Structure formats: C-alpha cells, structure tokens
Amino acid sequence: MIKDDLITLIQQAAKAAQKAGDLPTFDLPAIVVEQPKNAEHGDYATNVAMQSARPARMAPIKIAEQIVRHWPAAPFVGKVDVAPPGFINITLDDGWLAQQVAVIQSNPAAFGNSDVGQGRKAQVEFVSANPTGPLTIGHAWGAVLGDSIASLLQATGWDVTREYYFNNGGRQMRLLGESLQVRCLELLGDYRSIPQDGYQGDYLRWVASTLHAEYGDALAEKDVDFFRTKAVDAIFANIRCTLDRLGIRFDVYYNELDLYETGKVNAAVQALASSGYAYQKDGATWLRATDLGLKQDRVIIKSSGEPTYRMPDIAYHVHKMQRGFDFVVDIFGADHHATWPDVLAGVRALGYNTDGIKVIIHQFITLLRDGQEVKMSTRRGEFVTIDSLLDDITTETIPGKDVMRFTLLTRSPDSSMNFDLDLAVKQSSENPVYYVQYGHARISSILRKATEEGFPPAAYAQGDLSLLTHPSELALLRKMVALPEVIANAAEQLAPHQLSHYAQELATQFHAFYRDCRVVSSDPADRAISLARLRLCEAARIVLARALGLMGVTAPERM
RNA sequence: GUCCCAGUAGCUCAGUGGAUUAGAGCGCUUCCCUGCGGAGGAAGAGGCCACAGGUUCGAGUCCUGUCUGGGAUACCA
C-alpha cells in the first residue's frame with residue numbers, strides 16, 4: 001500500500017534528520033498521510049511537520065524542510081515538496097505509474113487485494129428475514145450491503161462466511177400457518193377470516209392454489225403444522241430465488257430452532273444464572289445489564305417460561321464465537337439499534353470478548369409513490385417486493401440488480417434515503433451505473449477493434465509502457481493505482497459505498513483519456529504508442545471490472 | 001421525556017480536522033459526430049454545508065444547545 005510505504009519513508013526521514021542533528025529529538029506523532037483535493041498539492045500530503053511543531057519547538061516549515069532533506073530514495077516517489085505552513089507534498093513518479101500497468105495485468109483477478117485478514121475467519125450475517133413473506137425493498141439495502149461487505153473482506157484476506165439467520169418456529173410462524181390454512185380452506189368453499197395479526201398478503205393465496213392442485217380436498221384434514229411447514233417452504237423458495245436474482249449466495253442458513261434443539265439456549269441461560277448476571281424478579285428471569293454498562297436490566301425469560309428474543313440471539317452469538325470467527329459483522333435495520341447492545345452484553349457476561357463483533361445499522365428507505373410515502377407491512381400484505389422492482393428496471397442487456405445494487409451502494413448506511421419508485425423506474429436508464437458500465441463496454445470495444453485492426457493481445461502484450469506520459473494517461477493511471485487503498489479503506493470502515501464513487505471517478509478518467517488520446521491508430525508511426533495505450537486500456541478494464549465485481553455489478557463487454 | 005441516525009445545489013446523495021474556487025449524478029442553458037461505442041465530451045446557471053454558540057493555527061467535518069425529519073424506547077421479533 002502506497003500510503004503505508006510513505007509513512008515508513010516519513011519516519012525514516014525524520015529519524016535520519018534527528019540522528020544528523022538537524023531535528024531535535026522528540027517522539028514523532030502518529031503520521032497522517034492524506035490525499036489532497038487539489039492536484040497541485042501532489043498525490044499525497046502529510047501534516048507531520050505541523051503536528052511536530054510543538055514537541056520539536058521549531059517552525060513547521062523548518063521541520064518539513066529537514067524531513068525532505070533526509071528523504072530516502074524510493075522508486076515510486078517522483079517529487080517531495082514543502083508548502084506553507086508546513087505541508088509535505090508527495091508526487092508519484094510518472095515512470096513508476098506507467099509500469100503499474102504490468103503489475104495490474106499480471107494479477108487481473110486480484111489486483112487491489114491485500115492480506116490484513118491473513119486467512120482468519122470472518123462472518124457476515126445479513127438479510128436474516130423470517131420466512132413470513134417475500135423479500136421487500138426494506139430488505140434490499142441490508143442484502144446489498146452485507147454481500148458487498150463480505151466481498152470486501154474476502155478481498156482483504158478474510159475467510160468469509162455469509163450467513164442468514166432465521167426463525168421458523170414461534171407465534172409468528174404459527175400465525176403464518178393459520179393464515180395459509182384459511183386461504184386453503186377458501187379454495188374448498190370454507191370461508192373463515194384471517195386470524196388477528198395474521199398474514200393477509202396475496203402470496204399465501206398463490207401458495208394455497210399450488211397446495212390445492214397437489215392435495216385437493218385432503219387439505220381439509222391437515223393441521224396447522226402442515227400449513228406452517230408448507231408456507232415456510234414456499235416462501236423460502238421465493239426468497240432464495242430473489243437472492244439469486246440479486247447475485248447473493250449464502251454459505252449458511254442458520255435456524256433459530258437449532259439453538260433450542262441442541263440445548264444452546266438452555267446452556268446460555270444456565271451459564272448466565274451461575275455467573276450471577278441473571279436474576280429472578282416478578283416471575284421472570286432478568287439479565288443484569290446494568291452491571292454490564294447498560295442503562296436497564298432486561299427480561300430474558302418471560303414469566304410464562306418462554307425466552308424473549310434476546311435469549312436465542314445471545315446464544316446465537318455465543319455460538320458464533322464458539323465457531324471460531326475472529327470477526328463478526330451483523331447488519332441490521334435501524335429498528336434493531338436498541339437491541340444489539342443487550343445481546344452483546346449477554347455475550348460478554350458469558351465471558352466472551354465482543355470487540356470482534358461489529359454491528360452495521362442502516363437507516364430505513366422511505367418509499368415514495370405518486371409523491372406519497374408508502375408504508376410497508378408484511379402482515380397486512382402491503383409491500384413492494386424486490387422482485388417486482390427488479391422486473392421494472394431490468395433492460396435487454398443489463399440485469400435490474402445492477403441498478404439496484406449500484407444505487408444502494410452510492411449511499412452511506414447512515415443516511416436515511418428517499419426512494420421514489422416512479423422516478424427509479426423512469427430514470428433507471430439514466431442511472432450512474434450505466435456510466436461506469438459504459439466505460440467498461442467502451443474499453444472492451446476498443447480492444448475488440450484493436451484485434452480487428454491488426455493489434456491483437458499478443459502484439460501489445462509487450463508494449464512499451466514508458467511511452468505513457470500524456471497527462472490524461474497519467475491521471476488515469478493515478479486513479480487505477482488507488483484501487484488497493486480504496487478496497488482497504490472500504491473494508492476497514494465496512495463502507496462499500498466508497499466503491500461506487502471510486503468506480504465513477506475511474507470511468508471519468510477513462511473517458512477523459514479516450515477523448516485526449518487516440519488508441520488504435522492506422523498510422524504506422526503511431527504503432528508503438530498504440531501498443532502501450534492498448535495495455536493501459538486493458539489494465540483500466542481490469543480495474544473497472546474489479547470495482548464493479550466487488551459491488552456485485554456486472555461488467556458488460558457490450559451494452 | 002430519554003437515546004440513536006440524519007439535515008450539504010431544484011431532486012437524490014458523496015465529502016478521511018487542513019492549504020484562496022465545497023463535489024457527483026439527475027434535471028436546466030449553450031456547444032462538440034469528415035478516425036477507436038454520443039449510455040460520451042466541453043462550458044454554464046444553481047450553496048449563509050438547518051440555526052446559534054464553542055474548541056483549534058484551521059471546522060461541512062469535533063463539542064454543546066435549539067429546530068426539523070426518521071428510528072428506538074415491551075415479559076413483540
């Protein structure tokens with residue numbers, strides 16, 4: 001990583017200056033290297049001299065000058081300048097930049113990856129919707145976030161498990177079974193009403209008609225458990241299908257029932273009791289959360305003897321720890337933000353360190369249709385499914401998931417976004433994702449054209465990269481070379497939306513290069529530069545495809 | 001009431017305490033097809049970064065308060 005290398009160089013320079021007596025002896029501050037907005041200030045800058053002014057008792061600009069004077073040689077550094085009031089500006093070496101094309105080409109599938117994970121086990125839990133109905137727009141953000149975060153972790157060396165946690169037992173599911181039963185009996189001419197808090201959506205009618213075709217009048221004899229199982233099966237099949245359309249594949253579907261059946265919930269309850277973190281009051285069992293740094297104690301076993309949702313969640317997270325995950329990411333909607341501290345407190349009470357568990361809370365999407373807010377409810381059967389939106393925004397050449405994923409990955413999870421359905425459908429053809437994909441398709445087209453014009457890959461494989469000196473070529477190279485840092489930052493901050501912004505900037509730089517630099521030229525005198533630029537194009541295509549790939553967006557060769 | 005997240009261009013959103021001009025897309029106004037894909041490019045209009053204080057050499061970014069919106073405040077999940 002360039003930034004890390006720079007930090008090392010800065011430290012070496014400062015220490016050398018101290019050793020030479022050009023700088024007083026003092027402890028260097030933590031070195032911050034940033035990328036200036038203004039290109040005139042170089043590719044990287046550090047404020048270390050300003051931060052050292054006080055401990056060194058010296059003017060920042062003087063400190064900067066001494067650091068630069070003792071700067072060690074490094075192939076990737078082209079220029080080091082001092083600028084008032086004490087910035088050190090670093091510019092990458094043009095020749096080195098051009099050579100990076102070869103580096104990228106030598107590693108097309110993994111350029112930009114790093115190894116901070118070192119093969120350790122990470123788990124990303126996301127979606128985790130109970131099978132009570134189809135996946136809705138409300139689930140989309142978590143789905144896309146989770147999958148891309150998982151991809152980022154894989155790219156940074158983690159051994160990642162994508163996991164979906166669900167519950168197919170309990171009251172909610174019994175109501176689902178009863179609701180399906182009502183729909184089935186309807187088909188047999190026996191009309192009843194959906195139970196209180198039952199599920200009124202049409203999708204249960206479709207399940208019912210399938211069952212009716214298979215079982216006929218025998219449905220009248222079936223019990224609620226039968227309907228519950230059938231409902232869950234059908235809905236899960238639908239959910240998996242939707243996930244598949246989004247390009248999401250889970251490694252593990254973990255069922256809450258397993259926690260009970262294998263005694264894990266019970267074991268956790270016992271352990272909490274013997275640890276003293278659980279106590280009895282008003283006939284219920286409480287978690288002494290106030291002793292764990294939280295505001296109030298919480299019920300974990302109701303006076304009815306049933307555990308609250310917190311209890312299996314605690315047992316589940318203990319199980320995650322026991323499975324040896326070094327890093328766990330949970331992705332929840334804003335409605336869960338109050339619950340996870342309790343769960344983590346419970347896990348801590350059982351003696352586990354929860355520092356490795358990160359919770360990403362994404363805000364809600366406000367849906368608008370005809371300018372009105374659409375309130376969704378699975379129970380009432382009022383919702384907009386992911387499937388239906390995908391249908392609306394899919395085009396002949398580009399799957400709808402590209403638009404959906406890219407759009408969602410443009411926003412920070414903290415922002416509560418408005419999503420206008422009419423606008424989304426109408427404007428999907430103007431979505432920025434196409435701008436990026438167009439860049440990829442354009443490069444692919446150039447490479448195809450090159451082969452036709454007598455510049456096949458074998459011809460440009462050895463193109464002379466040192467010919468890449470045009471400002472637009474260098475600007476493109478700078479952006480390409482930034483990918484490793486973008487991936488590392490996005491992974492560290494669990495913020496995949498940085499990828500979409502990067503991809504747009506990269507596409508912009510490519511379009512500028514295309515405008516300024518003729519690639520395939522018929523003039524024999526241009527042959528050498530054509531070969532070099534074809535290599536650059538190929539490398540740019542690789543980088544663009546990687547950025548898109550991490551977002552789960554396709555990189556089309558034609559569109 | 002208390003807690004969490006937000007408030008940046010007409011709209012949807014980026015923005016890692018830094019360096020005279022705060023960015024992108026969409027929308028709007030003008031331009032650019034006698035050579036590789038115009039789903040592109042060039043230029044322009046459009047902002048008291050919600051408001052008020054504070055910290056700092058330096059604040060859209062940190063702290064406090066106010067206002068507005070969303071979420072949470074269960075022996076529901």
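Within every chain, numbering begins at 1; the chains are lettered A, B, ... in the order of the sequence lines, protein sequences first and strands thereafter. Atoms considered below: every heavy atom in the structure, side chains included; atoms not considered: hydrogens, waters and symmetry mates. Everything numeric here is computed off the predicted structure, so don't read it as measured data.
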* **Rounded distance in Å between the P positions of B/A43 and B/G37** => 24 Å

* **Syn/anti state for B/C33 [syn: chi within 90° of 0]** => syn

* Looking only at side-chain atoms of A/A338, point me to the closest of B/A72, B/A19, B/G18. => B/A72

* B/C75, B/A19, B/G37: which one has an atom nearest the side-chain heavy atoms of A/K37? -> B/A19

* Asked: Which listed nucleotide (B/A39, B/A14, B/C75) is nearest to the side chain of A/S415?
  -> B/A14

* To do: Could you measure between the two P atoms, the one in B/A22 and the one in B/G60, and give it in whole Å?
  => 10 Å

* Asked: Which base, if any, makes a Watson-Crick or G-U wobble pair with B/C3, both distances under 3.5 Å?
  -> B/G71

* **Out of B/G37, B/G35, B/A77, whichever nucleotide has its closest atom nearest the side chain of A/E256** => B/A77

* N/O donor-acceptor pair, side chain A/S304 with base B/C75, under 3.5 angstrom -> no

* To do: For B/C76 and B/G1, measure between their C1' atoms and round to the nearest Å.
  => 23 Å

* Asked: B/G40, B/G35, B/A19: which one has an atom nearest the side-chain heavy atoms of A/A83?
  -> B/A19

* **Any strand: nucleotide that pairs with B/C48 via Watson-Crick or wobble, under 3.5 Å** => none

* Asked: Could you state the CE-C1' distance from A/M50 to B/G58, rounded to the nearest angstrom?
  -> 8 Å

* So which nucleotide from B/A19, B/C75, B/G37 ends up closest to the side chain of A/S445? -> B/G37

* **Residue-phosphate contact under 4.0 Å: A/Y435 side-chain N/O, B/G41 OP1/OP2** => yes

* Are the ring of A/F87 and the base ring of B/A19 both nearer than 5.5 Å at their centres and tilted by less than 30°? -> yes

* A/H41 on top of B/A19's base, within under 5.5 Å and under 30°? -> yes

* On a whole-Å scale, what distance lies between the P atoms belonging to B/U20 and B/G54? -> 23 Å

* What integer number of Å spans the P atoms of B/A39 and B/C26? -> 13 Å

* Asked: For the pair made of NE2 in A/H336 and P in B/U73, what is the distance, rounded to whole Å?
  -> 10 Å

* Asked: According to the interplanar angle, ranging from 0 to 90°, do the rings of A/W141 and A/H362 count as parallel (below 30°), tilted (30 to 60°) or perpendicular (above 60°)?
  -> tilted

* Closer than 4.0 Å, any side-chain N/O of A/K3 to the OP1 or OP2 of B/U16? -> no

* **Pair A/Y44 + A/F87: ring centers closer than 6.0 Å** => no

* Asked: Using a cut-off of less than 4.0 Å, is there contact between a side-chain N or O of A/H497 and OP1 or OP2 of B/G15?
  -> yes

* Structure fact -> From CD of A/Q437 across to P of B/G37 the rounded distance in Å is 18 Å

* Structure fact -> Scanning all shown strands, the Watson-Crick or wobble mate of B/C31 with both distances under 3.5 Å is B/G41

* **Interatomic distance at C1', B/G69 relative to B/U55, whole Å** => 28 Å

* Rounded off to whole Å, could you give me the CD-to-P distance for the A/E452 and B/C36 pair? => 13 Å

* Asked: In whole angstroms, how far is the P atom of B/A74 from the NZ atom of A/K281?
  -> 13 Å

* **Interatomic spacing from CD in A/Q296 to CG in A/L287 - rounded to 0.5 Å** => 11.5 Å

* Asked: Do the side chain of A/N431 and the base of B/A39 come within less than 3.5 angstrom through a donor-acceptor pair of N or O atoms?
  -> no

* Take atom CG of A/D342 and atom C1' of B/C4, then tell me their distance rounded to the nearest Å. => 14 Å

* Given B/A74, B/G69, B/A72, which nucleotide is nearest the side-chain atoms of A/S416? -> B/G69

* **Residue A/D335, side-chain atoms from C-beta onward, closest of B/A74, B/A72, B/G15** => B/A72

* To do: Report the distance from atom NE2 of A/H337 to atom P of B/U73, rounded to the nearest whole Å.
  => 8 Å

* Which of the following nucleotides, B/G40, B/G35, B/A77, is nearest to the side chain of A/Q172? -> B/A77

* Report yes if at least one side-chain N or O of A/R558 is closer than 4.0 Å to OP1 or OP2 of B/G37; otherwise report no. => no

* Between A/S530 and A/Y460, do the side chains contain an N or O donor and an N or O acceptor separated by less than 3.5 Å? -> no

* Asked: Which listed nucleotide (B/A39, B/G37, B/A77) is nearest to the side chain of A/T308?
  -> B/A77

* **Quiz item: A/Y434 side-chain donor-acceptor pair to B/A39 base, under 3.5 Å** => no

* Asked: Going by the angle between their ring planes, with limits at 30° and 60°, are A/Y164 and A/F236 parallel, tilted or perpendicular?
  -> tilted

* Asked: Is there a donor on the side chain of A/N47 or the base of B/G18 sitting less than 3.5 Å from an acceptor on the other?
  -> yes

* To do: Rounded to whole angstrom, note down the C1' distance from B/C5 over to B/A50.
  => 16 Å

* **C1' gap between B/U61 and B/A14, integer Å** => 13 Å

* Asked: Taking atom types as modelled, is there a side-chain donor on A/D81 or A/H41 under 3.5 Å from an acceptor on the other?
  -> no

* Side-chain donor-acceptor contact under 3.5 Å, A/Q363 with A/D414 -> no

* Asked: Expressed in angstrom and rounded to an integer, what is the separation of A/W286 atom CH2 from B/A74 atom P?
  -> 10 Å

* A/H319 and A/Y254 aromatic ring geometry - parallel, tilted or perpendicular at 30°/60° bounds -> tilted

